[in-house]
Every structure is written in structure tokens, then in C-alpha cells.
Protein chains: 2
Amino acid sequence: MSAQALKGHLDGMLLAALEDGPRHGYAVMEILRAGSDGRFDLPTGTIYPALRRLERAGHVRAQWSEEGGRRRRVYELTPSGRRTLDDERHAWQEFSSAVTALLGPHRRPVTS
Amino acid sequence: MSAQALKGHLDGMLLAALEDGPRHGYAVMEILRAGSDGRFDLPTGTIYPALRRLERAGHVRAQWSEEGGRRRRVYELTPSGRRTLDDERHAWQEFSSAVTALLGPHRRPVTS
DNA sequence: TCACTACATGTAGCTTTACTACTCATACCG
DNA sequence: CGGTATGAGTAGTAAAGCTACATGTAGTGA
């Protein structure tokens, strides 16, 4: 995976990981890793700042929780986050179909 | 389309636009615009530097041509460029299927 | 003739965003 | 007691597309 491939597509995936209920950062990380067959094995330096960004943007709400001596920051979608997720899904559809069309299948020269 | 969405995916599309024969920058720009139904209407400040980058990387070869008082820089794929295009196609498959899986379809709550 | 648009190429500086490389802390397992 | 998994974070860097410009020719309509 190219170093820049993720740019602009991470937020949507983070929001999607929170869609089915509140999750803490580490769990979101796992969801991305498992849900991509290990392809998105993102460093903590990517995921935590990204979640902070979403918080600042008002798309998620965060809350500290202590459970079994384990300090966790649990994130939850806001209504704005749900709307944004819808938008991101739509944008991804548009974007990916355009790239797929342009990249096209490899047309090998006819070898009749 | 998000400002960063293209990051890391442009090179492949540029190479693909050159696959069927040499093209000059402006023509490549048109191919991207037309082939994406107007979604990738990229500014010249994006396309020309990107082509230079591919040239420096050895993926395309460039040549000036004068035709009807029109000064054009014509780009052509190198063997390395063709290999890279194959790689980019493969990477795009991997990437887009992973994103699609994670973004997922919107599962609305059952409304029985 | 004049203005506007399409064609054609380019650069300098900005911005965004993911990554690298760290720090800190607890729980668990051998 | 040492290593790994869990859990959160920051500072600084690099990549790459975008904005806003400059430059020039050709064609078209008023």
C-alpha cells in the first residue's frame, strides 16, 4: 500500500468503525486491521490524532472510562458524524468508480 | 471530492492515460476529466508537476513537439512505467476492496 | 479591431494528513 | 522478572495535490 493512499479516506473508515456503537481508539485500530485483512495496520500515531481531529470537527464525542485498571478514551458518533459518514460513503462511491474507470482493466494487445 | 482523496492514486491514472500511446499534458488532463465524468477536473498545477515527477522517476519519457505553432510536451510510457501501472492497478484493487469492506453498506436498524 | 475562450505549459508557496519515532503506564503469561 | 498485549499520546517530518499566479498562441464572435 502506497504511503499516501489513505489520505482523505481514513476519516470515513473511522466513523464507520464507530457506527455500531461506542469504541475506544485501540478497538477502532483493531477493527481497521481485521476488516482490511491486515492491510490497514495503522500506527497509533495515525489513529489517535485522527480521532482527535474528528472530535475537534464535532463528528465524534469522547469520554474517559476506567475499567479494570484500564484507562480508555471512548468515542461515539454525533449526529454530525453520522451525516458525515453518509457523505463519505457517497464520496467513496463516486471516487472509487471514477478511479476504477480511469485505471481500467489491462487491455492486452490482441494475440489472435 | 475531498481535497486529499487523490493522494497516491493520481500516478496510476496518469500512467493509464498514456497506456494507449503518447499524449501531451493537456490531453492527459482531458482524459482524466472525461473518463471521470468531470469529477477529476484537475488544475494544471496538479497535472504538470505530477508528470514531471513521473519523468524523474523514469516511468515516462518526455519530448517537445511543435505542431501548428503549438508547443507541446509529449509523454510516453517507459517499460518501468508499464510495470508501475500494473503494480498500481493491483494496489488499487487491494486498497479499494479494503476500503469498501470497512466503509461497508449502511446497515439501517431493522424496522420490522 | 478587440475581447474572450480554448489550447498549452509552467512555478512558488501553502496546506493537509499520515507516518516515524518516541514516551508512559497497566495487565498478563512464562 | 522479562516480554508481549493493551491503551493513550506527542513532536517533528515528508509527500503531494491545490491555489494563484505568469506566459504565450490560435480561433471565434461582435
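Proteins get letters first, then strands, A, B, ... in listed order; numbering begins at 1 in each. Since this is a predicted model, take the numbers as computed values, not measurements.
Between B:Ala98 and A:Ser36, the closest heavy-atom pair is CB-CB, 4.0 Å. In this structure, B:Phe40 and B:Met13 approach most closely via the heavy-atom pair CE1-SD, 3.6 Å. The two residues B:Ala16 and A:Leu102 have their closest heavy-atom pair at CB-O, 3.5 Å. Here the shortest heavy-atom pairing between A:Val74 and A:Pro22 reads CG1-CB, 3.6 Å. Nearest heavy-atom pair across B:Glu88 and B:Asp11 is OE2-CB, 3.9 Å.
Annotation: B:Glu76, atom CD; neighbour count of heavy atoms from other residues, nucleotides and ligands within 6.0 Å is above 12. Within 6.0 Å of CD on B:Glu67 lie no more than 12 heavy atoms contributed by other residues, nucleotides or ligands.
Put simply, chain B comes within 4.0 Å of DNA chain D, heavy atom to any atom, from D:dA16 to D:dA26, going 5' to 3'.
Mapped onto DNA chain D by nearest heavy atom, A:Lys7 and A:Gly25 fall at different nucleotides, with A:Gly25 at the one closer to the 5' end. When each of B:Ser2 and A:His24 is assigned the nucleotide of DNA chain D bearing its nearest heavy atom, the one mapping closer to the 5' terminus is A:His24.
In this structure, the CD atom of A:Gln4 is 10 Å from the P atom of C:dA18, given to the nearest Å. Put simply, CZ on A:Arg71 is 13 Å from P on C:dA27, counting in whole angstrom units.
Residues from residues 53-70 of chain B lying near DNA chain C, meaning a heavy-atom separation below 4.0 Å, are B:Trp64, B:Arg70 in numerical order. For the segment residues 43-52 of chain B, the set of residues with a heavy atom within less than 4.0 Å of an atom of DNA chain C comprises B:Thr44, B:Gly45, B:Tyr48, B:Pro49, B:Arg52, in numerical order.
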Note to self: If you apply the rule salt bridge (Lys or Arg N to Asp or Glu O under 4.0 Å), what do you find for A:Arg33 with A:Glu30, and how did you get there?
What the structure shows: CA-CA 5 Å; A:Arg33 188 158 52 75; A:Glu30 298 271 271; 2.3 Å; yes

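Between A:Tyr75 and A:Val28, every side-chain heavy-atom pair lies at or beyond the 4.5 Å cut-off.
A perpendicular orientation is assigned to the rings of B:Trp92 and A:Phe95, their planes being inclined by more than 60° (bins at 30° and 60°).
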